[in-house]
Amino acid sequence: MAIGWMTVLKSVPWGDVISNAPAIADGAQKLWGAARNKVGAAPEPAPAPASASPASAVDPESPLAAFEARIAQLEANTLALRQQMLESSELITRLADQNSALIRRIEILRRRLVMALLAVTVLAASGLAVTLLR
């Protein structure tokens, strides 16, 4: 591995990540809502008529039959793509929520670390002062 994990973590602008986390979560929620509404409002494909025309009933190789088959295939593909979009937007929403929770935890840990370092600095300064005053 060319780049160590610490190098990667140090190069991340954590301030920007933390400040943009709520916007990312909101965007994911909007995406999820829009995708859910689009899929919910999607018209169901109409069932193909048993005999659309006498020519298609007689000759399954006719251009009309091929066109109807192609339309049915395209409708099935469209529904499959809409389902994938819905699943993807749900995954993005869950990941954004997890990201927000992770960033909140990181921020809490960062604050605790700052407080611990401050306490250690105060104790070290007090110990140094006591040692110098003796």
First locate atom CD of Gln83, then atom OG1 of Thr78, and finally report the distance between them rounded to the nearest 0.5 Å. 13.5 Å
Hey, can you pull the donor-acceptor pairs under 3.5 Å for the side chains in residues 91-101, sequence neighbours left out?
residue: Thr93; atom: OG1; partner: Ala28; partner atom: O; Å: 3.1
residue: Thr93; atom: OG1; partner: Ser89; partner atom: O; Å: 2.9
residue: Ser100; atom: OG; partner: Ala96; partner atom: O; Å: 3.1

Atom pairs and distances, side-chain donor-acceptor, residues 122-134, under 3.5 Å, sequence neighbours left out:
residue: Ser126; atom: OG; partner: Val122; partner atom: O; Å: 2.8
residue: Thr131; atom: OG1; partner: Gly127; partner atom: O; Å: 2.7

Which residues end up grouped with Val120 if you chain together Ile, Leu, Val, Met, Phe, Trp and Tyr wherever their side-chain heavy atoms are less than 4.5 Å apart? none
Below 3.5 Å, can you tabulate the donor-acceptor pairs from side chains in residues 105-116 to any protein atom, sequence neighbours excluded?
residue: Glu107; atom: OE1; partner: Arg110; partner atom: NE; Å: 3.3
residue: Glu107; atom: OE2; partner: Arg110; partner atom: NE; Å: 3.4
residue: Glu107; atom: OE2; partner: Arg110; partner atom: NH2; Å: 2.6
residue: Glu107; atom: OE2; partner: Arg111; partner atom: NE; Å: 3.3

Apart from Ile71 itself, which Ile, Leu, Val, Met, Phe, Trp or Tyr residues share its cluster (side-chain heavy atoms under 4.5 Å, direct or through members)? Phe67
For Gln84, which residues count as a side-chain hydrogen bond (donor to acceptor under 3.5 Å, both in side chains) partner, sequence neighbours excluded? none
